2 protein chains.
Amino acid sequence: MDKPVPRRVTIVDVARHAQVSTTAVSKVLRNAYGASPAMRSKVQQAIAELGYRPSAAARGLRGQTYTIGVMLPELRNLFFADILDGITAQLGDSDYQVLLAPGCNGEKAEARVIDAMMDRSMDGLVLIAPVSAKSRLNEVARSVPTVVVGRHGASPAYDTVTDDDIAGAALVVEHLAGLGHRRIAHIEHHETDRVRLAEMPNAQRARGYRDAMILHGLEAEIDIASTSYTQTGGYLGAQQLLARPVRPTAIFAGADVVALGALEAIAEAGLSVPGDISVAGYDNSALAAFGPISLTSVDQDGRQMGIDAARLLVERITDRERRTAQVKLSPTLVVRRTTAAADAED
Amino acid sequence: MDKPVPRRVTIVDVARHAQVSTTAVSKVLRNAYGASPAMRSKVQQAIAELGYRPSAAARGLRGQTYTIGVMLPELRNLFFADILDGITAQLGDSDYQVLLAPGCNGEKAEARVIDAMMDRSMDGLVLIAPVSAKSRLNEVARSVPTVVVGRHGASPAYDTVTDDDIAGAALVVEHLAGLGHRRIAHIEHHETDRVRLAEMPNAQRARGYRDAMILHGLEAEIDIASTSYTQTGGYLGAQQLLARPVRPTAIFAGADVVALGALEAIAEAGLSVPGDISVAGYDNSALAAFGPISLTSVDQDGRQMGIDAARLLVERITDRERRTAQVKLSPTLVVRRTTAAADAED
DNA sequence: ATGAAAGCGCTAACAG
DNA sequence: CTGTTAGCGCTTTCAT
């Protein structure tokens with residue numbers, strides 16, 4: 001009556017039940033070389049009969065843990081959720097289990113999470129938009145197979161998967177310029193760190209914006225509000241821009257959430273979108289697609305990024321000596337109802 | 001030049017460096033009884049100097065893994081993110097690391113994830129809105145400390161944290177009836193399973209709706225569209241309701257996403273909110289609070305639910321014999337711009 | 001192709 | 001209070 005904890009079934013039990021050695025069972029578990037079909041089926045039957053499940057802790061002590069860790073800065077960001085979908089889709093039928101840490105913002109939280117994952121002997125890591133120092137990332141990648149998503153800059157130690165943010169920003173400027181806009185402003189995420197200045201998507205988007213403005217002969221119209229990639233950042237940034245002596249006729253927000261904040265500020269100012277001012281975002285998150293918002297946005301195909309990241313990671317786990325790869329995906333522009341032709345008078 | 005993998009620092013290295021036994025080190029690591037302050041500091045210094053980090057795999061083989069697993073059906077649901085915030089806030093300074101599985105919908109995916117977490121010897125599990133059979137949940141909880149969030153029904157094996165969904169639904173009906181509405185319809189999540197019919201929040205909300213309608217003498221006006229708790233479900237449900245010979249003047253959607261879908265259908269039908277029809281949701285997610293949407297919604301305080309869940313879980317890890325508890329939190333109604341007084345003529 | 005045996009890094013009895 | 005020692009469940013040489 002009182003044996004509610006009937007001791008875990010171990011590899012020894014399976015071996016005994018199947019009348020083979022534990023080595024044999026281990027081989028079957030790992031699909032390793034050196035087990036005859038006959039033995040294989042005998043063992044598999046025993047496993048099924050006993051309901052055996054290997055202990056990841058014990059496996060991890062010697063071999064793999066069959067666990068992939070994913071770190072991302074923010075769970076609420078729908079774009080990150082898309083990346084995750086891609087990762088899990090790609091890893092769905094493999095033996096790997098994906099586990100993620102709850103949103104961790106900032107270098108300190110990142111360090112904690114990465115340590116935690118390494119402590120748990122994870123077989124591979126996917127780091128989404130990490131802000132840690134590059135030296136730290138390299139160090140991590142040297143000790144565990146790692147793929148970095150959403151941060152530019154090649155590394156000898158880890159693979160990268162990014163969106164071509166410069167091209168994405170150019171798409172927006174091109175679109176708006178094509179609609180007759182000249183005073184196209186940008187809300188960027190303020191960045192101080194040198195390396196991040198070059199590697200983070202936000203910096204690349206701002207650069208793409210500048211380049212494209214120059215390319216369209218709008219160099220004199222370049223106008224950037226420097227806040228942060230948050231809804232509040234968008235709100236404040238738009239307020240700044242709307243207070244200009246001559247108001248911009250279009251705002252390119254560096255992210256969809258930023259655009260949402262901008263939309264709020266614009267509405268509060270009594271202006272209409274796209275009548276008085278056009279707004280475009282970046283990420284094409286579900287929020288952008290949502291009917292009442294219907295935001296023109298750059299689509300990064302986060303799902304594909306996740307698929308590529310998972311693929312690269314498994315490849316690297318298999319062959320740790322392979323040279324690192326940099327996958328850069330081309331974004332597309334999804335035009336919706338927040339952008340329209342500029343008034344002729346403007 | 002070529003020793004990029006300098007072998008992990010182990011407890012043995014620390015012991016040697018501090019000139020004590022491994023037991024001593026282990027005790028310090030676990031804050032266990034039986035280590036003098038002098039030894040404690042000696043060991044801590046050695047740990048710092050060597051940059052030692054305990055291997056979770058090795059610990060898990062004997063003792064705890066200091067890992068809490070969280071399972072949730074859907075990452076994109078902002079309410080779940082709130083719960084998670086609460087969990088991490090509560091566990092923030094503890095030694096426990098929270099890891100979660102990417103959204104797993106359906107009984108099969110749930111089983112996989114729960115198994116994966118048990119295989120990894122996690123110290124405790126938080127299951128958010130699980131759909132698995134109750135017998136399965138009990139079985140899981142018997143082998144690992146578990147807290148179930150967002151599913152009613154007490155268990156002898158696990159603690160529960162829920163919202164008082166019946167009261168929440170009543171708040172909405174009361175609010176709408178107070179505004180003069182009589183034809184208040186409801187969009188529910190269709191449920192077939194017997195047990196879930198009683199234990200899932202959606203069923204409780206539908207029941208709360210019925211009860212409250214009767215209480216307000218509106219029994220004859222009860223009108224339920226049975227779809228699902230998704231945006232599409234809301235869209236289709238609203239379409240059904242709008243096609244009635246006599247249209248409802250208010251719709252109580254069982255969740256915010258459902259309300260969003262309903263808003264889309266209403267807009268498509270050329271009706272205005274709240275002019276022609278009032279809409280209320282449930283969850284008070286960030287989406288509901290978002291300006292342009294501004295949805296009247298029931299607030300569950302997901303963060304508090306997470307805090308309670310984490311607290312209960314740690315308590316149960318400490319004392320597995322303690323009797324199970326059921327925490328039920330009272331919801332509040334947040335009135336925004338999607339609900340207004342009914343037309344006098346209606 | 002198969003199995004015996006030696007650990008992986010840690011914790012938990014138990015002795016001192 | 002401190003140290004010795006025996007495993008935890010698995011993988012991995014290395015014989016056979």
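Here the structure is a predicted model, which is why all the values come from computation and not from measurement. Heavy-atom basis, side chains included; hydrogens, waters and symmetry copies ignored. Here is how names work: the chains are called A, B, and so on, in the same order as the sequence lines, proteins then strands, and each is numbered from 1.
Listed for the B/Thr318 side chain is a donor-acceptor partner under 3.5 Å among the backbone atoms of B/Val314. Here the side chain of A/Arg316 pairs a donor or acceptor atom with the backbone of A/Arg322 at under 3.5 angstrom. Between the B/Ser26 side chain and the B/Thr22 main chain, no donor and acceptor come within less than 3.5 Å of each other. With hydrogens and angles disregarded, no donor-acceptor distance shorter than 3.5 Å links the side chain of B/Arg59 to the backbone of A/Ala57.
Residue A/Ser26 is in base contact, counting any heavy-atom pair closer than 4.0 Å across all strands shown. In this structure, B/Ala57 reaches neither bases nor backbone, as no heavy-atom distance under 4.0 Å exists between it and the strands shown. As judged by a 4.0 angstrom heavy-atom cut-off over every strand, A/Val25 is placed among residues making no nucleic acid contact.
For a distance-only test at 3.5 Å, the side chain of B/Arg62 fails to qualify as a donor-acceptor partner of the base of C/dG9.
Within the structure, a side-chain polar atom (N or O) of A/Ser21 is placed less than 4.0 Å from OP1 or OP2 of C/dG3. Between B/Arg30 and C/dA12 there is a side-chain polar atom (N or O) within less than 4.0 angstrom of OP1 or OP2. Of the side-chain N and O atoms in B/Tyr52, one or more sit less than 4.0 angstrom from OP1 or OP2 of C/dC10. Residue A/Ser36 has a polar side-chain atom (N or O) positioned under 4.0 Å from OP1 or OP2 of C/dT2.
Summarising the geometry, the separation between CZ on B/Arg120 and P on D/dG9 is reported as 17 Å, rounded to the nearest angstrom. The distance from atom CZ of B/Arg59 to atom C1' of D/dC10 is 20 Å, rounded to the nearest whole Å. Rounded to an integer number of Å, the gap from A/Lys27 NZ to D/dC10 P is 17 Å. Nucleotide D/dC8 holds its P atom 21 Å from the CZ atom of A/Arg53, rounded to whole Å. We find that CD of B/Gln64 is positioned 8 Å from P of C/dA12, with the value rounded to whole Å. Spacing between atom OH of B/Tyr66 and atom P of C/dT11 amounts to 7 Å, rounded to whole angstrom units. Separating the CG atom of B/Leu29 from the P atom of C/dA12 is a distance of 12 Å, rounded to the nearest angstrom. At whole-Å resolution of the value, CG in B/Leu50 and P in C/dG9 are 14 Å apart.
At a cut-off of 3.5 Å, with distance as the only test, no side-chain donor of B/Arg120 or B/Thr67 sits close to an acceptor on the other residue.
Comparing B/Thr23 and B/Leu61 along DNA chain D, the residue whose closest nucleotide (by nearest heavy atom) sits nearer the 5' end is B/Thr23. In terms of position along DNA chain D, the nucleotide closest to B/Ala38 lies nearer the 5' end than the nucleotide closest to the other residue of the pair A/Val12 and B/Ala38. Closest-nucleotide positions on DNA chain C for A/Thr22 and A/Gly34 were compared, and the one nearer the 5' end corresponds to A/Gly34.
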